[in-house]
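The chains referred to below are lettered A, B, ... by the order of the sequence lines, with proteins before strands, and numbering in each begins at 1. Just so it is clear, the model here is predicted, and its values are computed rather than measured.
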Amino acid sequence: MTNEAKPQARTELPPQYAPADVESRRYAQWVADGRFAASEDSDKPAYTIVIPPPNVTGSLHLGHAQDHTVIDALTRRARMRGFEALWMPGMDHAGISTQNVVERNLADEGLSRHDLGREAFVERVWQWKNEYGGKISGQMRRLGDAVDWDRERFTMDEGLSRAVQTIFKRLYDDELIYRAERIINWCPRCMTALSDIEVEHTDDEGELVSIRYGDGDASIVVATTRAETMLGDTAVAVHPDDARYAHLVGTEVELPLTGRRIPVIADAHVDPEFGTGAVKVTPAHDPNDFEIGRRHDLPNLTVMDERGTVTAHGPFQGLDRFEARPAIVAALRADGRVVEEKRPYVHAVGHCERCKTTVEPRLSKQWFVKVGPLAKAAGDAVRDGRVRIHPPEQEKRYFSWVDNIHDWCISRQLWWGHRIPIWYGPDGEQVCVGPDETAPEGWRQDPDVLDTWFSSALWPFSTLGWPEDTASLRKFYPNTVLSTGYDILFFWVVRMMMFGMYAMDGTPPFKDVFLHGLIRDEDGKKMSKSRGNGVDPLDLMDAYGSDALRFFLARNTTPGGDLVVNDEWVQAARNFCNKLWNATRFALMSGATVEGPLPDDLSTTDRWILSRLARTVEEVDAQYERFEFAKMSAALYHFAWDEVCDWYLELSKPVLAEGGEAADRTRRVLGHVLDSLLRLLHPVVPFVTEELWLALTGGEERGDSVMVAAWPTPGETDPQAEATVAALQELVTEVRRFRSDQGLKPGQRVATRLSGLTEAGLAAHENLIRSLARLDEPGDDFTATATLAVTDHVTVRLDTRGNIDVAAERARLDKALAAARKELDGCTRKLGNEGFLAKAPEDVVAKIRQRQATAESDITRITAQLAALPAA
RNA sequence: GGGCGCUUAGCUCAGCGGUAGAGCACUGCUCUUACAAAGCAGGGGUCACUGGUUCGAAACCAGUAGCGCCCA
């Protein structure tokens, strides 16, 4: 290959970036080259993040895309910084939702899971998983996720199931798992127990009915929103100090409609201020009443079955709970028992997180984790700084939860999931069976399965081979960072903390927890399946490219902050990718190179851009450390667009056109700056940077990749070059503003005489100034028709040949004068204030004095210009 | 009911004691050979309200109003 041929080939980038031509090709190449694989045998320090396992039933939404962008950026950057970076992929089995989906499919065939039987049904779910579970991995490939696919895990895999059984057995043996009859949240539609946090509370319109129990002097009025539960009342409770009812405590009243007599009891938990101060007690159908019942040895009378159908004998038997309510109120009314009815009465009602059905508190025998000691350890790990939560404000939520935690109901009346490893003997014995143990002959296994979060809680180490002492586990545990939305802090993060520390000898599962916000639609509403306002990330990627979506997400990801989706912003991110594309295209056309060391004796503008690059590297590193993705992205956006493209490339054009050694040096600096910029951007926008970096460096033939290029380190800053270029920018901008105000066409060149450049330190840059401001040298017939005094030093005389719009110029100067006067007034007022002079720090006073002086000279200069204007 | 947080330009947000900022949107002029998915220039804010602290408050304190989230 000849030297001439190569640069020629390198200029052949099309004028627009076409993501579709690049993305799938690059991703396939990365996978083929094994770029994502992490090795436990590596000498490099480990950097580990596990994917928050998506539900196998679903597909990724924008919230996942945001989370994946963050994780991918962190791990890609870690890899470039020399870490053995592992991003662990996988999915969870999503017990309730998956079972629901498959049951719905069965229903279409007119079948229920009971028609199939347990074994066949579970087989059916596996079939479904194998058929449809692939959608998510396809989405991840489109997003560019650099996950180690060879390590992909599923919570129902054999190894992970073994981990579940192992930890269950350990917790059971440590008496941290127990079975008890309690009031739990029951979903009558899913027909299973739910944990507290799987219940969503909303303010719903209901009714408040006041009912008189007993008769005459021995009557007492109670209020309820759930009249149908009165069939199961076993007491009426009042506060012990409530004088109104003191005479009734210890007596019995007749329960309407049933003829049963129930006691009036005194309990300190009754609020005498609420309603009549007397409450009906239904221990089998309300958690608070259950506690009262326990304290007073009341019978638990269950009057509804697991479908929410009334089972109490009598006229209401067989009615659904929502039919029974009006029927019972009507009967009470007919009986003269209803004292008052409030309708609508707004109160908090619990709903099943998965299907939104109203949750029924139900007395039943379930398995629980005793979380007290586990939560204590999890809280301490954050309190003593072993685990840091970003942003720190979220720590309060974390603490309030681990400090006030309730035992965790882990059994679910489902078939899809990890079956509880407890076996019952013929005489009521029970045994917990470990992974390599078998239950005694003839014993029966508990029919229930475990909450999905029980297995998700093991994710940071079960995916690495635990309970085996694997090399992977030793290398990659604890994880470095855990990134997820703040909405699942309790669902998942706390539980990983509890189980991780329990299983791994007190070592927390990760060092940093990064919590980002939720995605909202354009109206600011939270995106959710039930609202139907979700956006498919694939649609946005199809329209604008993966990098555009990723850059948009990164640029709007703040610790704890929500993100509003707007098509125009994704478009703006797409435009940014195109800008990068064209900057590199220009560089290639200009012969930019990455070969050899940076030359000495660089020009001021070369030193300036290198100084700005150094500051950008520092800024990007600092923001990454703080998980400030928005600020990190903004720093790169600003550097790339405003400094490299808008100024450095424009400043380079005349130098490159000139040719010679100066041009060679600039070609080298240009190559260096773009090389560094592409590396810095790669973790966020992997595809376009790979394509451009390979083109710029010629790395394609070497089988190279920006993925494994070293992360830039900050170079020297050059304050002197920065000051000079700042002055140059001010001068050029001032001339451009004048031109624009005067209505001069952008391309129109204007003969101009510049004076005072030497004093301003800009003498060496006159040709650059002329190039950027489109100013020609004055000819023989030069006549200054307008004068600009830009700073104290520089005067610009322009020959606009009578085209001067005096009114426009006067308006502009008047405005500038007003601003300068306002500034002068402010400064003078401050400096005339003795309190300010006496108490303000010296540097502040000096700064104000400086500003006062500048304002004064501005006023003098502008006033002179105004005076020099021809009369209107 | 308890707790936490928010209120700054049309939108989304940054700034958290010392000249009110960014991106997008908007207006004007331009196809100036990297890019019209662009360039250049510009307009736009009593920093929710009321008090207080301070030489100085968007920022600190107290209260008010509205909004949001979490937990019960």
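Counting only heavy atoms from C-beta on, K396(A) has its side chain closest to G5(B) among G5(B), C70(B), A34(B). The side chain of D646(A) approaches G39(B) more closely than any other nucleotide in the set G18(B), A34(B), G39(B). With C70(B), G18(B), A34(B) as the choices, the nucleotide that has an atom nearest any side-chain atom of A840(A) turns out to be G18(B).
When the C1' atom of U54(B) is taken as reference, atom CZ of F836(A) falls 13 Å away, rounded to whole Å.
Residue K631(A) places none of its side-chain N or O atoms closer than 4.0 Å to OP1 or OP2 of A22(B). Neither OP1 nor OP2 of U33(B) sits under 4.0 Å from any side-chain N or O of K653(A). One finds no side-chain N or O of N578(A) lying less than 4.0 angstrom from the OP1 or OP2 phosphate oxygen of A38(B). Within the 4.0 Å cut-off from OP1 or OP2 of A37(B), not a single side-chain nitrogen or oxygen of R574(A) is found. When the side-chain nitrogen and oxygen atoms of K579(A) are compared with OP1 and OP2 of G39(B), one or more of them lie within a distance under 4.0 Å.
With sequence neighbours left out, R667(A) forms a side-chain hydrogen bond (donor to acceptor under 3.5 Å, both in side chains) with D664(A). For the salt bridge (Lys or Arg N to Asp or Glu O under 4.0 Å) test, residues two or more places apart in sequence or in another chain that qualify with D675(A) are R679(A). The salt bridge (Lys or Arg N to Asp or Glu O under 4.0 Å) check on E734(A) picks up R737(A), R812(A), with sequence neighbours excluded.
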Report all side-chain donor-acceptor pairs from residues 625-638 of chain A shorter than 3.5 Å, counting only partners two or more places apart or in another chain.
unit_1: R626(A); atom_1: NH1; unit_2: Q623(A); atom_2: OE1; d: 3.0
unit_1: S633(A); atom_1: OG; unit_2: F629(A); atom_2: O; d: 2.7

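As judged by a 4.0 angstrom heavy-atom cut-off over every strand, C645(A) is placed among the base-contacting residues.
Stem regions annotated for RNA chain B: B:1-7 with B:65-71, B:10-13 with B:21-24, B:26-30 with B:38-42, B:48-52 with B:60-64, counting only runs of 3 or more consecutive pairs of Watson-Crick or G-U type with both contacts under 3.5 Å.
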How does protein reach along nucleotides 23-32 of chain B, written 5' to 3' as B (base within reach of a heavy atom under 4.0 Å), S (only sugar-phosphate), or - (no contact)?
BSS--BSS-B

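Comparing V644(A) and R736(A), the nucleotide of RNA chain B nearest to each residue sits closer to the 5' end for V644(A).
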Evaluate side chain to side chain donor-acceptor pair (under 3.5 Å) for R849(A) paired with Q852(A), printing each intermediate quantity in order.
CA-CA 5 Å; R849(A) 281 193 209 286; Q852(A) 186 189 35; 5.7 Å; no

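A 4.5 Å side-chain heavy-atom check between L831(A) and V845(A) finds at least one atom pair inside the cut-off.
Defined by atom type and a distance below 3.5 Å, a donor-acceptor pair is missing between the side-chain atoms of T752(A) and D776(A).
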